[in-house]
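Please read these numbers as outputs of a predicted model, since none were measured by experiment.
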Amino acid sequence: MKTREPYNFFRPQRAASWWCTLEDIQWPQKGITDRIKRRAEEFAEAGIDTAINFGFHIRFDFANYFGQLHGYLNNVCEELHKYDIRFLDHYSCNTIERPRNHEEFVRMNTAQRHHILLHHDPIAAEYAGYAGYRFNDLCEVDVRDGSRGYSLSYQAELFCHNNPLFLEMHGKYLERLLREVDLDGAQIDDMAHYAWMSTCGCVHCLDRFKRDYGHELPPFGEPSFWGDTTGSPISWGNYENPVFRDWLSMKTDIIADHVKLIKSYFPDKPLTTCCSSTGPIILNAVSLDLEKMTDHLDLVMLENCGIGVGSVNWGKMDAEALQQKDIAANMGNAPAIALSYTIYDKGGYMGWALSRFWGVANWSSTLNGRLPEDPVDKLETHDIISPYYNWEKANSDIDGQTGKDIAEVRLVSSRFCRNNGWRDENGQEHWDRVVGWSSAFVESNIGYRIVRMEELADAEWLKQERTPLLLDGVGCVSDKQFEAIKSLLTAGGSVWLNLPFGTNDERGFKRDRALSEELLSTTGEPVYPGLLLLNVHSDAAIEGTSQPTNARQSVLQKLIGSGMFSPRIRQVSGDTGWSARLRVHDEQAVLHLMNRSLEAIPHPYLKDAHNGVIVLQDIRSLSSDNRLVYEIDFSGEEKVNSLCWSSATIKSPELGEEARAIQIEHLSDTMVRITVELENVDLYGIVS
């Protein structure tokens, strides 16, 4: 089991974005310093404990103004520190805005306003730089034509994470930033390759590929390596070629090394970076591999939901949230933070509620700059989140990060499958199956946790728990992982297996014989008593509709119905659109309730200019019977066994100061039936 020193920095719990405007670069004008003082006081009144800079994002676009910018940021720190509020800087270190034509220029000024825009004129850009380093000399190189790498998503050119001159320049900037601004930490963004697979063909990366992996980069267009290049660079690449897989690995090595360098400047302050996803194969195209960076990070963050109407379908993010929680837990129990964007009040409430449901810190942020213009009814982040933070402090001040989820199933999510681009014969990737199980567990109120590849290779770690270990489509498996799984089975452990399994090794090479064959007899029966072979077919559309079935939910219900699995929580009556999650906080059992039966009320005309998504203006609950009855089994683990409720209440921001009594019927010493009245509660409630 890999261990790490316990996290020893402050723990953000109630965070919010500190939005800047271009006018702030005129610090120390009195109007600006007065606004800093006023907003710091408002942040304190809103119950915020951590402010995170948002704006002046493409940091080296402001190289000519670092003196004023740092003066402004330090003034913000001074005022916030008077209220014991921490301040983290947040910026992109390796992008530089360079729209290449009028269309891109307009798009940047429509969709990227939240960055605060002050990019160089094209003629001036030829000579632009910082501390003697010319920006044009530091960029990634396009593999197609040798030009500077360019991100269509952000209308930006990209500094190469492997260019030694860029690393020198960034280091000098960090020294200056930390000397001039009394920061409490930083979130340094864009630890990725946002030109996707079109970069980086610079001499430094080509030399490193040859040095570290022994390969020359094949000429662009070579199908055996690059695959089909007629589409977007996000889809290029032939995963059947081990040289291509090594290329992907080298690109994420580069990112991890850059993060390591950045951390060397922050030995006594927490560092994090942005991560919107950790599961799907598409992340390989942007070299986004959070797990490879964690040795050099202190906090983990997840961009959990956007400003659009689709954010009400929050269940699809549960697997990501729990995977990032596991990453943070194994970083010395570091904080996990969920960043929720919103334009209007209900989006802010939902983001806060999800953070409570997941047991992570909340970072609330508006994102008006992703709209073509500010709404006439524009709201400030601290005004949106203030009612919920202050309600929490007064009525339910539970630190979600100290809570322990009561897991009934361990769901394996293997990075080996993602890194090697593994897909089954139907083209489905391993992460699709993980999300399918996660959705089934959320819908059935079953506690689960994510098991990642390191834990899967540690037999003693696996044997510490008796909950079933669920392996679904884990195609890439190392010999060490396989031995650990067999050790668990030999010790009487329970493993649920859905094929295929172990068709490839950890580097993606196809095995002569799938490892599953060793676990099954010649007739296909399990050879270990604790091995349960599942038969989960792919999801299919419900007849007459386009709505897919959840095949994993069907299998789960069969397991429950047959008595092969007994959930700790069983819903007896009431609307099944509510999800319940049991967690232990400070030696007491707490039940978090989150509504899935939600309807998005779209704004009549506002759209996210980046992706065209319609803005979420409000949320309506579709729940019909909100008198929920659950039977909860507190037996089993010793720490749960003693937590059976004798009395309890339901609280919610929607109930104000009211703590509504819960009807409790004791069915045994460790089993209760509770009746929860959720009248006038549409989104979230906490039973404790």
* Asked: Can you tell me if CD1 on I282 sees more than 12 non-hydrogen neighbours from other groups inside 6.0 Å?
  -> no

Pairing of R449 and D326 as salt bridge, 4.0 angstrom limit: yes

Is it true that R570 and D633 have a side-chain N and a carboxylate O under 4.0 angstrom from each other?
no

Only one of T675, V672, V572, I569 passes side chain to side chain contact (heavy atoms under 4.5 Å, CB included) with Y630, and that residue is I569

Donor-acceptor pairs under 3.5 angstrom involving side-chain atoms of residues 490-499: please list them, not counting sequence neighbours.
residue, atom, partner, partner atom, Å
T490, OG1, K486, O, 2.8
N498, OD1, V536, N, 3.1
N498, ND2, D472, OD1, 2.9

Item checked: No-hydrogen, no-angle side-chain donor-acceptor test under 3.5 Å, N362 and S355 -> yes

Taking everything shown except E240 itself, do over 12 heavy atoms lie less than 6.0 Å from its CD? no

Donor-acceptor under 3.5 Å (W236 side chain, G231 main chain): yes

Min side-chain heavy-atom separation L556-I446 under 4.5 Å:
yes

Any ion pair linking D318 and R596 (charged N to carboxylate O, less than 4.0 Å)?
-> no

Worksheet item: Should the heavy atoms of other residues, nucleotides or ligands under 6.0 Å from CZ of R627 be counted, would the total exceed 12?
Response: no

Cationic N near anionic O, under 4.0 Å, D295 to K263:
no

query = Would you say R511's side chain and V477's backbone share a donor-acceptor pair under 3.5 angstrom?
reply = yes

Just by distance, do the side chain of H161 and the backbone of A192 share a donor-acceptor pair under 3.5 Å? yes

Please tell me whether W422 and F416 form a close aromatic pair, meaning their ring centres lie under 6.0 Å apart.
no

Fill in: ring-ring contact (aromatic ring centres under 6.0 Å, His included) between F357 and W314, intermediate numbers included
CA-CA 11 Å; F357 185 78; W314 58 265; 5.3 Å; yes

Could you tell me whether the side chain of S438 and the main chain of V434 form a donor-acceptor pair under 3.5 Å?
no

Let me see the working for K480 and E483 under salt bridge (Lys or Arg N to Asp or Glu O under 4.0 Å), right down to the final yes or no.
-> CA-CA 5 Å; K480 189 174 181 181; E483 292 303 316; over 6 Å; no

Legend entry - Min side-chain heavy-atom separation C644-T670 under 4.5 Å: no

(Q) Could you tell me if N284 and Y239 have a donor-acceptor pair between their side chains, going purely by distance under 3.5 Å? (A) yes

*asked:* Less than 6.0 angstrom separating the ring centers of F209 and H215, yes or no?
replied: yes

TODO: Could you tell me whether the side chain of R410 and the main chain of T467 form a donor-acceptor pair under 3.5 Å?
DONE: yes

Handout entry: Heavy-atom side-chain proximity of T402 to D586 below 4.5 angstrom
Key = yes

Open item on the list: I'd like to know if the side chain of D405 and the backbone of Y448 have a donor-acceptor N/O pair within less than 3.5 Å.
Closed with: no

No-hydrogen, no-angle side-chain donor-acceptor test under 3.5 Å, Q324 and E320
no

Tell me if a side-chain donor or acceptor on E303 pairs with a main-chain N or O of L339 at a distance below 3.5 Å.
no

Do the side-chain N and O atoms of R356 and H592 include a donor-acceptor pair separated by under 3.5 angstrom? no

**Asked** Less than 4.0 Å between a side-chain N and a carboxylate O, is that true for E455 and R452?
**Response** no

